[in-house]
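Step one of this worksheet: look at the structure below.
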Amino acid sequence: MRRAAALLLLLGAAPAVAQTASSQVRVQVNRAGTLTKTQDLDFGRLIAGATAGRAVVGTNGTRTRTGGVTLAGGTVSAARFRAQSAPNQRFTIQLPTSPVTLTRAGGGATMTVSNFTRNPGGGGPRLNAAGIRDISVGARLNVAANQPAGSYAGTFNVTVNFQ
């Protein structure tokens, strides 16, 4: 009797039915982005005066001054970088937020560079249809009163994040 009841239960139960659904899998793989420096930031030649001053190189490579600094020729240029990745890809640019120290060759004196600016400005610029975008960077050089003469150099970082 038990067997018959068990058999009836099995026969009377609704059979389980497996259900299957499908999903597509997608991914877009972009080529790795690169950032290459093509030109250094150069403030040219300056003469320090009895009062502090500033020299500014704009993103277009023009130079201006304020305070006790005299512009004295030389090569002046904005820094230039080339970003490359997938066509029309968005990216962000990070510049230094703290002053960068320049040290005089042979030691004994420093200056700082601050207020970095960039072109393109704004948020989320795009690479062009060929996957390229040139970036220019300018900044302000802070010159102390009676800044010791000599050649000064330092480095700064620019970071591009491809999105």
Side-chain angles (χ1 to χ4, degrees), residues 24-163:
Q24 290 185 353
V25 178
R26 295 186 186 113
V27 64
Q28 178 177 334
V29 177
N30 291 334
R31 66 178 183 233
T34 61
L35 181 66
T36 307
K37 180 199 63 154
T38 58
Q39 183 171 283
D40 288 318
L41 175 60
D42 196 332
F43 287 90
R45 290 193 305 261
L46 307 169
I47 299 170
T51 60
R54 297 176 177 156
V56 175
V57 172
T59 58
N60 62 357
T62 60
R63 179 176 62 169
T64 59
R65 64 151 204 97
T66 59
V69 173
T70 301
L71 305 179
T75 300
V76 177
S77 61
R80 298 214 186 279
F81 300 86
R82 175 162 280 184
Q84 291 183 275
S85 190
N88 302 308
Q89 186 170 4
R90 284 191 182 281
F91 63 98
T92 60
I93 304 167
Q94 295 174 329
L95 300 176
T97 55
S98 300
V100 172
T101 300
L102 305 183
T103 303
R104 185 173 73 157
T110 61
M111 286 191 279
T112 61
V113 177
S114 60
N115 296 68
F116 289 85
T117 59
R118 64 184 173 87
N119 184 14
R126 289 185 182 271
L127 301 178
N128 65 19
I132 297 171
R133 184 73 182 258
D134 290 325
I135 301 164
S136 59
V137 177
R140 178 178 75 195
L141 176 67
N142 304 295
V143 182
N146 301 310
Q147 182 76 42
S151 294
Y152 291 76
T155 60
F156 70 95
N157 293 322
V158 172
T159 301
V160 168
N161 293 305
F162 297 97
Q163 301 171 340

Margin query: How long is the straight-line distance from CG of Leu95 back to CG of Asn115, given to the nearest 0.5 Å?
Written below: 11.0 Å
Checklist line | Heavy-atom side-chain proximity of Arg63 to Leu46 below 4.5 angstrom | finding: yes
Note to self: Please find the pair of heavy atoms, one from Ala78 and one from Gly58, that lie closest to each other, and give the distance.
What the structure shows: CB-O, 3.4 Å
Next item on the list: Write down the atom of Val113, the atom of Ala139, and the distance for their closest heavy-atom approach.
Entry: CG1-CB, 3.4 Å
Notebook entry, point to check: According to the interplanar angle, ranging from 0 to 90°, do the rings of Phe156 and Phe81 count as parallel (below 30°), tilted (30 to 60°) or perpendicular (above 60°)?
Noted result: perpendicular
Check: Is the closest side-chain heavy-atom distance between Thr117 and Val137 below 4.5 Å?
Finding: no
Next item on the list: With sequence neighbours excluded, tell me which residues meet salt bridge (charged side-chain N to carboxylate O under 4.0 Å, His left out) with Arg90.
Entry: none
Notebook entry, point to check: Just how far is it from atom CG of Leu41 to atom CZ of Phe116, taken to the nearest 0.5 Å?
Noted result: 7.0 Å
Checklist line | Interatomic distance, Gln94 atom CD to Arg118 atom CZ [nearest 0.5 angstrom] | finding: 10.0 Å
Checklist line | Asp42: partners by salt bridge (charged side-chain N to carboxylate O under 4.0 Å, His left out), with sequence neighbours left out | finding: none
Notebook entry, point to check: In terms of side-chain heavy atoms, does Arg26 have a donor or acceptor partner in Gln24 at a distance below 3.5 Å?
Noted result: yes
Notebook entry, point to check: For Ala149, does its backbone N or O pair with a side-chain atom of Arg104 as donor and acceptor, under 3.5 Å?
Noted result: yes
Notebook entry, point to check: Within the distance-only criterion (no hydrogens, no angle test), does the side chain of Thr59 pair as donor or acceptor with the backbone N or O of Gly138 below 3.5 angstrom?
Noted result: no
Note to self: Could you check whether Arg140 and Ser114, counting side-chain N and O atoms only, form a donor-acceptor pair closer than 3.5 Å?
What the structure shows: yes
Item checked: Point-to-point distance, once rounded to the nearest 0.5 Å, from CZ of Arg133 to CZ of Arg126 -> 11.0 Å
